[in-house]
Number of protein chains: 2
Amino acid sequence: MLDSACSIERTLGVLGERWTFLILREALAGTTRFAQFREALGVAPDVLTARLNTLVDYGVMAREPYQEPGSRPRDAYRLTDSGRELILVLAALQQWGDLHLPWPAGPSIQRRVRATGRPVQVGFVDENGREVAPADTR
Amino acid sequence: MLDSACSIERTLGVLGERWTFLILREALAGTTRFAQFREALGVAPDVLTARLNTLVDYGVMAREPYQEPGSRPRDAYRLTDSGRELILVLAALQQWGDLHLPWPAGPSIQRRVRATGRPVQVGFVDENGREVAPADTR
DNA sequence: ATATCTGAGTTGGTAGTTCCTACTCAGCCA
DNA sequence: TGGCTGAGTAGGAACTACCAACTCAGATAT
């Protein structure tokens, strides 16, 4: 999968295992530490170790040493720029789920323009920054 | 996962298993029949059956009877409108892979505006159809 | 110095999935 | 009726995730 000519397939080779997208969701929400991921997701520690390692291997996250007073030095896991770009993938997944797998309590959190507070969607845009309908692309 | 309050998690409950995104990639490329999926992907038949069933169960694809001359009636699997909207997710995955997991031969296929032939990207857009930088959202 | 505490992983066994091959089963045609 | 073809099923091996208990290192207390 990792050496496919298809970039979707390569991406899934890095991100497509169970838990990976949820780890990224937490990371984008600000989580950085092993125990935080573990607590937020309830993922088994060996699986978390494995996922974080591949994310680091492929440059999606980076280890960053830190030390709490009274504790030994540890590594935090911080998204790289490339990792932060995955916000588009996660937002697209969320948008689809909000539309097609609705939840009684309504959509969870809306993404908004920071300055104006107006809602934002994921879509196709041309080189001038104008939205293009999916049907108008090929 | 399917009954999570998080729409990303619900979406992954439907689409997050191995092969599902690749099945959708093929479906978006026009594949509709069991044997075509099987040949294009090399997926085991029992897994393909299971994946197509959940996609149908959740309204991403629909069965559509057809009959080749000289053959018995069969079911084709066609994307529903909701399934076609997943083009955004797939395109976001592809875009990320093209940027961050480059392939010697360069990016595979570029999405373009049908009318003008100009390239198209996935991005955030506000309600006026103007692109918004991810950093300007919250 | 020794003992203790704590958090980040490792390890080992079990259960659940995927994979692979071979098989079935239904309708069409000879 | 018997063979052909394509869509699935079945059975077993291999892989992956899950769970609980354990290790290991550094910081603090005694």
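Note on naming: letters A, B, ... go to the chains in the order of the sequence lines (proteins, then strands), and numbering restarts at 1 for each one.
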Original post:
Reading nucleotides 11-17 of chain D from the 5' end, what letters show protein touch, with B for base, S for backbone sugar-phosphate only, - for no heavy atom under 4.0 Å?
Top reply: B-----S
Subject >> Terminal axes of the helix from dA1(C)-dT30(D) to dA30(C)-dT1(D) (five pairs each): angle between them, nearest 10 degrees >> reply: 10°
Subject >> Positions of residues 25-42 of chain A (non-hydrogen atom under 4.0 Å from DNA chain C), listed by number >> reply: F34(A), A35(A)
Original post:
Would a hydrophobic clustering, with Ile, Leu, Val, Met, Phe, Trp and Tyr connected at side-chain separations under 4.5 Å, put L90(A) with L79(A)?
Top reply: yes
Subject >> Residues in side chain to side chain donor-acceptor pair (under 3.5 Å) contact with R111(A), at least two apart in sequence or another chain >> reply: T137(B)
Subject >> Over 12 foreign heavy atoms within 6.0 Å of CZ, R130(A) >> reply: yes
**OP:** Please indicate whether Q121(A) has more than 12 foreign heavy atoms, meaning atoms of other residues, nucleotides or ligands, lying under 6.0 Å from its CD.
**Re:** no
**OP:** Using the test side chain to side chain donor-acceptor pair (under 3.5 Å), find all partners of Q36(B) that sit at least two apart in sequence or belong to another chain.
**Re:** none
**OP:** Could you tell me which non-hydrogen atom of V125(A) sits nearest to which non-hydrogen atom of G123(B), and how far apart they are?
**Re:** CG2-N, 4.4 Å
Original post:
5'-most contact on DNA chain D: R74(A) or P45(A), nearest heavy atom basis?
Top reply: P45(A)
**OP:** Hey, could you give me each pair passing ring-ring contact (aromatic ring centres under 6.0 Å, His included) that has a residue in residues 47-77 of chain A? Not counting sequence neighbours.
**Re:** none
Original post:
So which pairs with a foot in residues 14-24 of chain A pass side-chain hydrogen bond (donor to acceptor under 3.5 Å, both in side chains), sequence neighbours left out?
Top reply: none
Subject >> Along DNA chain C, first and last positions that approach a heavy atom of chain B under 4.0 Å >> reply: dT18(C) to dC29(C)
**OP:** Figure out the CG/P separation between L48(A) and dC18(D), and round it to whole Å.
**Re:** 11 Å
Original post:
Of the non-hydrogen atoms in M61(B) and T80(B), which two are nearest, and what is the gap between them?
Top reply: C-CG2, 3.8 Å
Original post:
Do any pairs count as a ring-ring contact (aromatic ring centres under 6.0 Å, His included) and have a residue in residues 82-102 of chain B, sequence neighbours left out, and if so which ones?
Top reply: W96(B)-H100(B)
Original post:
For E9(A), what residues pass the side chain to side chain donor-acceptor pair (under 3.5 Å) criterion, not counting sequence neighbours?
Top reply: S4(A), R25(B)
**OP:** List in chain and number order the residues that pass side-chain contact (heavy atoms from CB on, under 4.5 Å) with A44(B), two or more places apart in sequence or in another chain; answer none if no residue qualifies.
**Re:** D46(B), V47(B)
Subject >> Partners passing side chain to side chain donor-acceptor pair (under 3.5 Å) against E39(A) (at least two apart in sequence or in another chain) >> reply: none
